[in-house]
Amino acid sequence: VAASLGKRVAIAEEYRFGRGVVENRDNPAAKFGYLLDDDLRSRTLDDRLAMYRKWAHKFPGGMDWFTKHGDQVRLLEDTTGNGKADRSTVFAGPFNAPLDGLAAGVLATDGDVYFTCIPHLWKLRDTDGDGKADVQEKLLTGFGVNAAFFGHDLHGLVWGPDGKLYFSVGDRGFHVATKEGATLSGPRTGAVFRCDPDGTALEVVHRGLRNPQELAFDQFGNLFADDNNCDKGDHARLVYVVDGGDSGWNMAYQTIPAPYLTGPWHAERMWHLPHAGQPAYLVPPVGRIGTGPSGFLFTSGTTLPDRYKNSFIMCNYAGGRGLEAFKVNPKGAGFEVADYHDFLTPIMATDVDQGPDGKLYVSDFVNLDWGGKSLGGRIYTVSDPAKVNTPEALATKKLFADGFDKQTTAALAKLLEHPEQRVRLRAQWTLAGRCTESEVEVFGVLEQATEPGGNQLARI
């Protein structure tokens, strides 16, 4: 998992796969099926910890087995400017408490690094410039009340057009006490959340997902998730994420044997495209995508070939299928998938992000070892040299390097109609941050930007 941090790239790095993190099935290397009944009962983190203690005698070293290995956040840096990382340091870690999951999400913004590792949403920061996070704050806790399956973790970090932080959890579920004193509960189901940058105002946006690996907003502010299938004949799905939405999945369905295969999930064709007889409470999927969706990105396409203007790029991890690309077209109250095709294959890609330089950064897991051995991950950059070196692309790179705070209010207003979504959003957030009573000019330019007949993207 990769995220841009100036000239550095932050990586969520896992070592606990099958070596500190368990699941409730009998996978090919480690037999964990004895956890299933207790896992289906678990509704809180305390329940899951009690389950581990109950079965500690099954693990080498007892409860120490859960803390022997730790995940971490690593920084890669290109100090010479030749396009290759020549410095590698550990930014934060190890994360190895008994209830810790896999390091599965990282997002860097203005020196803050948001990091997801069940059961916590972390905010990390290096305040003294030594390359290590001396501030490590748990913004929210209570994600992952179930063991479920490997990889069904807390992940999907992305900033929304509203300036809120959005993220997702797989069907390991949640039981979270908000900073305002409420409790949000959803055992055995995946969900999409949003909160303010400090962790306040946490909300559940969409429920009933199995393993929504990542989230992406399109140019109009519509939110999508790439949700995984359950390996029993159903399809991986593109989900249109809406407030109050429900996609119908429950982790317990995974465990129902034949002939009642996954119960209502198959019997009621819950995972199918919209059809007569589908449960009315569902938000039907947009369409089929891949076989093992992982990293997921929306790109304006300004530094890619013209085919990728306002497109999605997704890592199809299963079978080393690599990166695939597609668009969405409006269809009724929802959307349909269009122009689905291979983008970069074969590669065991787990995530894709776009740097300020316009290049795509792709993490390669290299291979899957069910025993948890590290086989040496890699980070690649992918680019169109003709596109990333245009005056427009270089100007965008410089804009991020200089910082949006240095732009005048008038310049920021003009950037609201920039062809690059990342620029538009940063300009918007910077203007919003200037909305005080003393900044009368800001209100004027915002009002002008939303006048009917003006640039559509600026109005949005």
Side-chain angles (χ1 to χ4, degrees), residues 21-22 24 35-54 66 95 97-102 104-105 107 114-123 136-149 152-160 162-212 215 223 225 227 239 241-254 281-283:
V21 173
V22 298
N24 64 28
L35 297 174
L36 179 59
D37 288 348
D38 289 328
D39 197 34
L40 290 172
R41 297 185 189 102
S42 293
R43 301 183 63 87
T44 67
L45 293 178
D46 287 342
D47 292 342
R48 181 158 66 92
L49 185 58
M51 176 177 69
Y52 290 171
R53 288 171 174 161
K54 173 182 176 180
F66 292 92
F95 297 91
L99 290 176
D100 282 358
L102 299 177
L107 177 66
Y114 291 86
F115 171 59
T116 55
C117 182
I118 281 176
H120 310 298
L121 168 65
W122 293 87
K123 185 178 180 181
Q136 301 188 23
E137 179 184 1
K138 298 175 184 175
L139 292 183
L140 293 163
T141 295
F143 304 98
V145 299
N146 303 109
F149 281 7
H152 292 211
D153 285 286
L154 190 64
H155 37 215
L157 291 162
V158 64
W159 290 110
D162 51 8
K164 290 180 177 287
L165 183 65
Y166 287 72
F167 54 100
S168 60
V169 72
D171 59 9
R172 298 188 63 178
F174 56 95
H175 188 88
V176 182
T178 70
K179 291 183 179 295
E180 293 78 19
T183 298
L184 303 179
S185 184
R188 302 181 304 280
T189 188
V192 175
F193 307 88
R194 66 171 167 240
C195 66
D196 288 337
D198 61 358
T200 59
L202 178 69
E203 301 173 87
V204 179
V205 180
H206 193 117
R207 295 174 181 255
L209 299 163
R210 183 176 180 269
N211 191 19
L215 308 170
L223 179 58
D227 199 13
V239 175
V241 177
V242 297
D243 282 6
D246 193 329
S247 291
W249 175 259
N250 187 295
M251 186 262 285
Y253 297 164
Q254 184 83 50
Y281 71 88
L282 292 182
V283 178

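FYI, side chains are in, hydrogens and waters are out, and symmetry mates aren't considered; it's all heavy atoms of this structure. Worth saying up front: this structure is predicted, and the values here are computed from it rather than measured.
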Calculate, to the nearest 0.5 Å, the distance between atoms [atom1] and [atom2] belonging to [X] and [Y] respectively.
X	Y	atom1	atom2	result
His152	Asn24	NE2	CG	9.5 Å
Asp47	His175	CG	NE2	9.0 Å
Leu49	Leu99	CG	CG	5.0 Å
Leu36	Arg41	CG	CZ	9.5 Å
Ile118	His155	CD1	NE2	8.0 Å

Heavy atoms only: give me the nearest [X]-[Y] pair and the separation to one decimal.
X	Y	result
Met51	Asp39	SD-N, 3.5 Å
His206	Ser247	NE2-OG, 2.9 Å
Cys117	Gly101	SG-O, 3.6 Å
Arg43	Ser185	NH2-OG, 4.4 Å
Ser168	Gly156	OG-CA, 3.9 Å
Gly144	Leu45	O-CD2, 3.6 Å

Hey, does the side chain of [X] reach the backbone of [Y] with a donor-acceptor pair shorter than 3.5 angstrom?
X	Y	answer
Arg172	Val145	no
Asn211	Gly190	no
Asn146	Ala148	no
His120	Glu137	no
Thr189	Gly208	yes
Lys179	Leu139	yes
Asp227	Arg210	yes
Tyr114	Pro197	yes

Quick one, [X] and [Y] - any side-chain contact, counting heavy atoms below 4.5 Å?
X	Y	value
Val192	Val239	no
Thr116	Asp153	no
Leu157	Leu165	yes
Val205	Lys164	no
Phe149	Met251	no
Phe174	Leu154	no
Asn250	Arg188	yes
Leu140	Cys195	yes

Practice prompt. Measure the acute angle between the ring planes of Phe95 and Trp122, then classify it against the limits of 30° and 60° as parallel, tilted or perpendicular.
Written response: perpendicular
Practice prompt. Using salt bridge (charged side-chain N to carboxylate O under 4.0 Å, His left out) as the criterion, list what pairs up with Asp243, not counting sequence neighbours.
Written response: Arg194
Item to complete: Answer yes if the side chains of Asp46 and Thr44 hold a donor-acceptor pair under 3.5 Å, and no otherwise.
Response: no
Worksheet item: Under the ring pair (Phe, Tyr, Trp, His ring centres under 6.0 Å) test, which residues partner Phe167, sequence neighbours left out?
Response: Phe143, Phe193
